[in-house]
Protein chains: 2
Amino acid sequence: MSLAHAILASLVEEATSGYELVKDFNERIACYWQASQQQIYRELNRLEEQGWIAGERVIQTDRPNKKLYRITPAGLQALKEWVAQPSDPAAIREELLVKVLAGYLVDPLVIRAEVQRRREYHQARLEHYHQVEEAYFQNLTAAPLPKQFMYRTLRRGIRYEADWVAWCDETLEWLNGTASSATPGTKPEAAADWLATNLG
Amino acid sequence: MSLAHAILASLVEEATSGYELVKDFNERIACYWQASQQQIYRELNRLEEQGWIAGERVIQTDRPNKKLYRITPAGLQALKEWVAQPSDPAAIREELLVKVLAGYLVDPLVIRAEVQRRREYHQARLEHYHQVEEAYFQNLTAAPLPKQFMYRTLRRGIRYEADWVAWCDETLEWLNGTASSATPGTKPEAAADWLATNLG
DNA sequence: ACGCACATGTAAGCCGTTACATGATTAC
DNA sequence: GTAATCATGTAACGGCTTACATGTGCGT
């Protein structure tokens, strides 16, 4: 039920329409929580039924009408209680790494192209985050608390993207060396030597 | 359908039982793909129905009987085709960062304790990965290709955990400064100045 | 007339989580 | 006897993905 709380957290400071929330999730929230348009509209309906948010129809003349949602006292209370509870790390399910693991089965050019593509993706996000950082988070010591907490989430996004770029770089470097000389479809030999190791 | 392919990739080099696969997923695969016991057994049944793997009952006297699964030629072909296709980055849904965003709503001690807890978690995983690295990935240039590709996935895990530790450290440092002087339940003021910014 | 930004929905199906369930063998 | 490891399942539920669907108002 964390999507609900991510929405609540976004509604604390100002009333927002579903359409605007979708944009927020695509833009500034995406670095730590992704949600689709369909998910968001459904969750808004649930939250309203539950009384944690209240929607208000706003008639607009220059645009289609919209519905503005505000967090209710009950919603704020629920959010605070949820924030105070411990949470587990997110599960990781990264297709690219499954493909890297099986990379010896295909033409090395395939993996190299894919890692290169990922590098460009993360590099673009990183540059965007840096622009946001420069434009909106300069005088942090003078900024209000919510903004300082928000900066912490941006820092996570920056680190995450930079780290991916660095992994792509070291992987590309390796691919340009050893792997380029290998023949595709190389017969796999026993390589899982570390199978016996366990996580405490 | 990537769990299926993660399983296929694990079965290429050797026949494995469901029980062993569960352990593999908890230990060496967890750094890029997490799956529960229930998921794995269900997926093994589906893969066998589809003809991508073949199971064989093995009678054991010193232990309960087990079922060994092998990848079939059709399964290997399917895996190769899947690996050759491009894949999107994984979706991130990190509860901790939603809580950090709303951190100004609660006692600063709550967030600090939670970030500290996360730091210890990632630090422990990092140390484990480093042990695996030293024990099993020393002579990489002489190692067979599959092992070298596998090392790339371990490197991703090492980087990921180290990056989290570093973010926790910089966040804790900040929390020990500014945030400790703030009163809990501070009234939120307009802080979402960067709402207008868009991701290309 | 057409495309774009704005604005909000429905529905099917798959995947993952949670809870429950059973049983064999070894070691203490 | 009882805990730990080995070994394999079933079932309900909820969340996420994918595809489809509708309509307004502005600018060119």
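Numbers restart at 1 for each chain; the letters A, B, ... are given by sequence-line order, proteins then strands. Model, not experiment: these values are computed from the prediction.
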(Q) Strictly below 4.0 Å: does A:Gln60 bring a side-chain N or O up to OP1 or OP2 of C:dA7? (A) yes
Q: Using atom CG of B:Leu47 as one end and atom C1' of C:dC15 as the other, report the distance to the nearest whole Å.
A: 14 Å
(Q) Quick check: closest heavy atoms across B:Gln148 and B:Ala143, and the distance to 0.1 Å? (A) NE2-O, 2.9 Å
**Q.** Pair A:Tyr19, A:Gln37: side-chain N/O donor-acceptor within cut-off below 3.5 Å
**A.** no
Q) Would a 4.5 Å heavy-atom cut-off, applied to side chains only, mark B:Arg125 and B:Tyr160 as touching? A) no
Q | Face-on cation placement of B:Arg119 at B:Trp167 ring, 6.0 Å and 45° thresholds | A | no
Q | Spacing between A:Leu44 atom CG and C:dA7 atom P, to the nearest angstrom | A | 14 Å
Q.
Measuring from the side chain of B:Gln37 (C-beta onward, heavy atoms only), which nucleotide among D:dT8, C:dC15, C:dA7 has the closest atom?
A. D:dT8
Q. Between atom CZ in A:Arg46 and atom C1' in C:dT8, what is the gap in whole Å?
A. 17 Å
Contact list (N/O, under 3.5 angstrom) for nucleotides 16-19 of chain D vs protein:
residue: D:dC16; atom: OP2; partner: A:Gln39; partner atom: NE2; Å: 2.5
residue: D:dC16; atom: O5'; partner: A:Gln39; partner atom: NE2; Å: 3.0
residue: D:dC16; atom: O3'; partner: B:Arg93; partner atom: NH2; Å: 3.3
residue: D:dT17; atom: OP1; partner: B:Arg93; partner atom: NH2; Å: 3.2
residue: D:dT17; atom: OP2; partner: A:Gln39; partner atom: OE1; Å: 3.3
residue: D:dT17; atom: OP2; partner: B:Arg93; partner atom: NH2; Å: 3.3
residue: D:dA19; atom: N6; partner: A:Gln38; partner atom: NE2; Å: 2.5

Q) Does A:Tyr19 place a side-chain N or O at less than 4.0 Å from the phosphate oxygens OP1/OP2 of C:dC6? A) yes
Q | Interatomic distance, B:Ile40 CD1 vs C:dC15 P [rounded to whole Å] | A | 15 Å
Q. So among A:Arg117, A:Gln116, A:Arg118, A:Arg112, which one has a side-chain hydrogen bond (donor to acceptor under 3.5 Å, both in side chains) with A:Glu114?
A. A:Arg117
Q) Rounded to the nearest Å, what distance is computed from the CZ atom of residue A:Phe25 to the C1' atom of nucleotide C:dT8? A) 17 Å
Q) Looking only at heavy atoms, which two atoms of A:Ala91 and B:Gln34 are closest? And how far apart? A) CA-NE2, 3.5 Å
Q.
Among residues 62-71 of chain A, which ones have heavy-atom contacts with DNA chain C below 4.0 Å?
A. A:Arg63, A:Pro64, A:Asn65, A:Lys66, A:Lys67
Q.
Please report the distance, rounded to the nearest Å, between CD in A:Glu20 and C1' in C:dC6.
A. 10 Å
Q) If you take all heavy atoms of A:Phe149 and B:Val100, which pair is closest and at what distance? A) CD2-O, 3.1 Å
Q) Between B:Tyr41 (OH) and C:dG23 (P), how many Å, whole number? A) 16 Å
Q: Over all heavy atoms of both residues, which pair between B:Val106 and A:Lys80 is shortest? Give the atoms and the distance, please.
A: CG1-O, 3.8 Å
(Q) Using a 3.5 Å distance criterion without hydrogens, assess whether the side chain of B:Thr72 forms a donor-acceptor pair with backbone atoms of B:Gly51. (A) yes
